[in-house]
Each structure stands twice: as structure tokens, then as C-alpha cells.
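As C-alpha cells, the structure follows; a few thoughts come after it.
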Amino acid sequence: MHILNRHFVTRRQGCIALGGLVLTAMTGQSRAHQSHLYPLEEKKRDKARGRTDSQSSKSKKKDAGIETVIGKIDGARMNETLKALTAFPTRWSKSPTLAQARDFIKQQFIGFGYDTRRVQLIEYKLDDGTVGRSVICAPERLDQGFVLIGAHYDSISETPGVSAPGADDDGSGIAVVLEMARIFAGVGLKRGVMFAAFGGEEQGLFGSQAVADQAARDRWAIDVMVNLDMVGFVDPQRPTNIVVEYDMGNKDPRNDAAAKAFGLQMAQHAADYTGMTVEHTDIWSSDYMPFEAKGFPCIGLYDGGADASFYHTTQDKIAQVDMVRLTDVARLVCAFLATTAELKSS
């Protein structure tokens with residue numbers, strides 16, 4: 001894996017607002033460096049680095065404001081999102097139906113009430129020349145600290161040109177991203193949130209690389225990147241487990257301390273607002289890696305589904321996603337966003 005030299009970006013160095021994003025997204029300038037893909041490794045349990053059990057325990061008192069926002073989560077709506085995504089025969093990056101899934105996601109953001117100028121497509125190109133686009137729903141300002149939460153909307157299987165339902169991988173992550181976008185469209189926050197749906201993940205993180213390139217070049221003020229890649233499967237051997245990943249080395253050690261702090265914060269929210277138990281590992285083999293290489297703190301949630309028999313097959317259907325678990329993950333992400341992006345007092 002070859003990574004270009006990059007500079008470390010802090011949120012205080014951010015310098016552009018939404019207008020610059022619109023120009024870049026429309027002109028396709030974000031395709032720079034697309035030959036530098038990331039080789040992907042199947043995320044088998046025995047390959048993870050730095051695995052530890054969380055030491056977080058329930059707090060004595062929950063935050064009433066966070067509980068109010070969590071109460072807005074609609075599990076039935078997330079289920080409908082999964083049905084819509086898996087209804088596409090395939091979301092393979094080289095299939096024409098990927099663009100239909102992309103447009104569905106874009107229209108969801110617009111339907112939640114976000115200004116159309118904030119909902120943008122950022123172009124990337126696969127090694128074979130196939131052009132795709134990630135979808136982002138940007139905060140009003142990119143030069144003030146914000147949280148980036150993302151998942152990938154493409155899918156893969158043993159016959160991807162014909163069928164690749166990708167329910168857990170990664171329809172589950174997209175369902176949570178869209179639910180968070182819906183909820184926080186109507187919630188006052190002191191800091192911004194960017195919602196992202198990346199394409200080209202299964203071929204080497206092409207979509208997220210394009211967005212990370214633009215973020216570094218234009219000095220976006222990303223406080224933390226939160227990646228949701230497979231979050232709806234319940235491992236029968238560890239039925240309460242969720243993996244909270246945080247950066248433990250990788251390309252830029254200067255973001256490690258911040259990433260760990262955000263990861264521990266996520267674990268605390270799991271203890272306080274969900275029934276899940278937490279393991280920690282390093283981040284690896286998913287869409288946070290290009291952002292980590294640009295110097296941004298990165299964490300992720302992961303359900304361990306790469307060890308399941310349906311992984312990367314046509315059997316990754318909606319039945320593989322446990323809606324109770326997916327709702328618990330949404331509760332966790334909602335609490336994290338409410339805290340990190342700072343709820344305004346009512």
C-alpha cells in the first residue's frame with residue numbers, strides 16, 4: 001500500500017465554506033490520486049490488532065437531552081431503508097444500478113430538508129476507468145469543527161454483476177447514517193455534522209479516498225471521522241458484542257490520542273444508552289483509512305460479520321440484519337453525535 005505524503009490538519013486550520021465544496025464537486029477535481037488504492041483484507045476476528053475489552057461502566061446519571069434525541073429513532077424507517085437498498089439487484093461498483101442507489105440516498109438527504117447545495121456528489125475513478133460518485137450532505141461551514149459520519153453504499157458478492165444485496169455490508173451502515181441525518185436535520189447543534197455515503201469501497205476505498213483528498217486539500221475542519229461498516233449482524237458466539245475501533249498507529253501517529261479519546265467516549269455511550277458490550281481494536285480495511293492517512297482522528301463501529309458465512313455472498317440479505325441490534329447501534333451513534341457535536345440547550 002502506497003500513500004502520498006500528507007499534512008496534518010487540525011480543525012483550527014479549516015479555511016473554506018460550502019461554496020468551494022460545490023465548485024469542486026461539480027468539476028470533479030476530487031479525482032486526484034485515485035491510483036493510490038488500499039488493498040483490502042477480510043476483517044476476520046483473528047486478524048484484528050489491539051483487541052481489548054472496554055472498561056466502561058454505566059454512569060450514575062444519563063443526559064436527559066441525549067435520551068430525548070435517542071427517542072426520535074425509528075427502527076421501522078431503518079428497516080424500510082434496508083429494503084430499498086437490497087431491492088436493487090446489485091450495488092456492485094461496476095454496475096449501472098449503483099447510480100440508482102446513489103440517487104436514492106441523495107434524495108433521502110434532500111427529503112430530510114437539507115439545502116440542495118449541501119447535498120453533493122464527489123467523483124472517483126476505479127483502476128479500470130469506471131467512474132462513480134460518493135454522496136455527501138455537508139454542514140453549513142467546512143472551516144468550523146464538525147463530525148464526519150460515513151458508510152459505503154456499494155456491495156460485493158461471488159456474482160456481483162448479477163446479485164449483491166449487501167444488507168449488512170453495508171446497507172446496515174447506510175441505514176444508520178440516513179437515520180442520523182433525518183434526526184439531526186431537526187435538532188440544534190453547536191457543531192456541524194457531515195453525512196457521507198461512499199462508493200467504490202469494495203475495490204479499494206476509492207470513494208472515501210476522493211473525499212479525504214478533498215478534505216485535506218481544502219482543509220476541512222473534521223474533528224473526527226466515524227465509520228459504520230457492517231453494524232447490524234449479531235454474532236451468536238458474542239450476542240451483545242460491538243467492536244468500537246480507534247486508530248492505534250497506522251500512517252499518522254499524531255491523531256492517535258484524539259482517536260482513542262473518541263473511541264473511549266463511544267464505549268461509554270454504549271454502556272450508558274445501549275445493551276451492548278464493547279471490544280476495542282485498531283481501525284483497518286475500511287473507509288476511515290484514507291482520512292487517517294490525511295491526519296484526521298478516526299474511529300469505527302463493526303459487528304464482526306466478516307467471520308459469518310454470508311459475508312461477501314449473495315446471502316447477505318436483510319434477514320442477516322437484526323433490527324434490534326441495528327436500533328441499538330443507532331442509539332449509540334445518536335448519543336455520540338449529540339455529545340460530540342454538542343446539543344444546544346432547548
Side-chain angles (χ1 to χ4, degrees), residues 1-3 36-55 93 127 150-152 154-158 160 164 166-173 198 200-209 212 225-253 255-256 259-260 262-264 266-267 270 276-294 296-316 320-322 325 329 332:
M1 176 166 58
H2 175 67
I3 305 298
H36 297 269
L37 61 80
Y38 289 73
L40 297 182
E41 179 181 4
E42 290 189 348
K43 294 182 71 167
K44 302 295 186 181
R45 182 176 176 84
D46 62 356
K47 301 294 185 181
R49 186 167 72 107
R51 188 179 302 278
T52 59
D53 291 327
S54 169
Q55 300 303 306
S93 295
D127 273 351
H152 71 89
D154 60 307
S155 62
I156 196 74
S157 75
E158 71 276 30
D168 188 44
D169 186 12
D170 187 27
S172 62
F198 304 115
E201 191 269 352
E202 299 291 3
Q203 286 69 43
L205 316 184
F206 284 96
S208 53
Q209 180 70 66
M225 191 279 176
V226 182
N227 188 59
L228 307 179
D229 190 355
M230 303 178 66
V231 293
F233 171 67
V234 173
D235 182 348
Q237 297 184 37
R238 304 167 191 85
T240 65
N241 192 63
I242 189 73
V243 180
V244 176
E245 307 160 311
Y246 61 82
D247 184 16
M248 299 182 184
N250 297 294
K251 290 295 178 180
D252 196 326
N255 50 26
D256 289 359
K260 181 176 181 179
F262 284 120
L264 296 181
M266 185 76 82
M276 296 184 291
T277 55
V278 169
E279 288 182 325
H280 293 296
T281 72
D282 195 5
I283 61 171
W284 58 310
S285 198
S286 192
D287 283 314
Y288 32 33
M289 301 310 294
F291 292 92
E292 189 280 332
K294 300 295 184 182
F296 299 109
C298 294
I299 67 174
L301 297 179
Y302 171 54
D303 61 19
D307 285 287
S309 61
F310 67 81
Y311 177 63
H312 282 183
T313 75
T314 55
Q315 297 308 303
D316 186 5
Q320 308 297 348
V321 176
D322 184 287
R325 167 53 55 85
V329 170
L332 173 55

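- Side-chain contact check for L301 versus V329: some heavy-atom pair is nearer than 4.5 Å.
- Closest approach of D168 to V231, counting heavy atoms only: OD1-N, 3.6 Å.
- For the pair Q209 and E201, the minimum side-chain heavy-atom distance is 4.5 Å or more.
- Of the possible polar contacts, one joining the D170 side chain to the M230 backbone as a donor-acceptor pair under 3.5 Å is found.
- Here the shortest heavy-atom pairing between R325 and N241 reads NH1-O, 3.0 Å.
- A donor-acceptor contact shorter than 3.5 Å links the side chain of K44 to the backbone of A306.
- A donor-acceptor pair under 3.5 Å is absent between the side-chain atoms of D322 and the main chain of V234, judged by distance alone.
- Looking only at side-chain heavy atoms (C-beta outward), N250 and M289 come within less than 4.5 Å of each other.
- A donor-acceptor pair under 3.5 Å is formed between the side chain of H280 and the backbone N or O of V244.
- With 3.5 Å as the limit, one finds no donor-acceptor pair spanning the side chains of Q203 and D127.
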* To do: Start with the C-alpha distance between V278 and M266, add both sets of side-chain angles, then the distance that settles side chain to side chain contact (heavy atoms under 4.5 Å, CB included), and finish with yes or no.
  => CA-CA 9 Å; V278 169; M266 185 76 82; over 6 Å; no
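- Between the side chain of K43 and the backbone N or O of G304 there is no donor-acceptor pair closer than 3.5 Å.
- Under a 3.5 Å cut-off, the side chain of T313 and the backbone N or O of Q315 do form a donor-acceptor pair.
- To the nearest 0.5 Å, atoms OH (Y246) and CD1 (I283) are separated by 11.5 Å.
- To the nearest 0.5 Å, the span separating CH2 on W284 from CG on L40 amounts to 11.0 Å.
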* Criterion side chain to side chain donor-acceptor pair (under 3.5 Å) on T314 and E158, from CA distance to verdict -> CA-CA 7 Å; T314 55; E158 71 276 30; 3.2 Å; yes
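- Between I156 and A164, the closest heavy-atom pair is C-CB, 3.8 Å.
- Residues H312 and D169 meet the side-chain proximity criterion, which asks for heavy atoms closer than 4.5 Å.
- The shortest distance between side-chain heavy atoms of E42 and D307 does not fall below 4.5 Å.
- Checking side-chain atoms of S285 against main-chain N and O of E41 turns up a donor-acceptor pair under 3.5 Å.
- No donor-acceptor distance shorter than 3.5 angstrom exists from the side chain of S54 to the backbone of A267, with no hydrogens or angles considered.
- P297 approaches A259 most closely through the heavy-atom pair CB-N, 4.0 Å.
- Using a 4.0 Å cut-off between charged nitrogen and carboxylate oxygen, E245 and R51 do not count as a salt-bridge pair.
- Across all non-hydrogen atoms, the minimal contact from F198 to D154 is O-OD1, 3.7 Å.
- Under the 4.5 Å side-chain criterion, counting only non-hydrogen atoms from C-beta, S208 is in contact with F291.
- Residues E202 and S155 have side chains not in contact (no heavy-atom distance under 4.5 Å, counting atoms from C-beta outward).
- Annotation: K47, atom NZ; neighbour count of heavy atoms from other residues, nucleotides and ligands within 6.0 Å does not exceed 12.
- Defined by atom type and a distance below 3.5 Å, a donor-acceptor pair is missing between the side-chain atoms of N255 and D252.
- Defined by atom type and a distance below 3.5 Å, a donor-acceptor pair is present between the side-chain atoms of T240 and T277.
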* Test log, rule side chain to side chain contact (heavy atoms under 4.5 Å, CB included), inputs D229 and H152 -> CA-CA 7 Å; D229 190 355; H152 71 89; 3.2 Å; yes
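- The two residues Y288 and G300 come nearest to each other via the heavy atoms CE2-CA, 3.9 Å.
- Looking at D282, its side chain never comes within 3.5 Å of a backbone N or O of R49 through a donor-acceptor pair.
- Within the 6.0 Å centre-distance limit, the rings of F233 and F310 are counted as a close aromatic pair.
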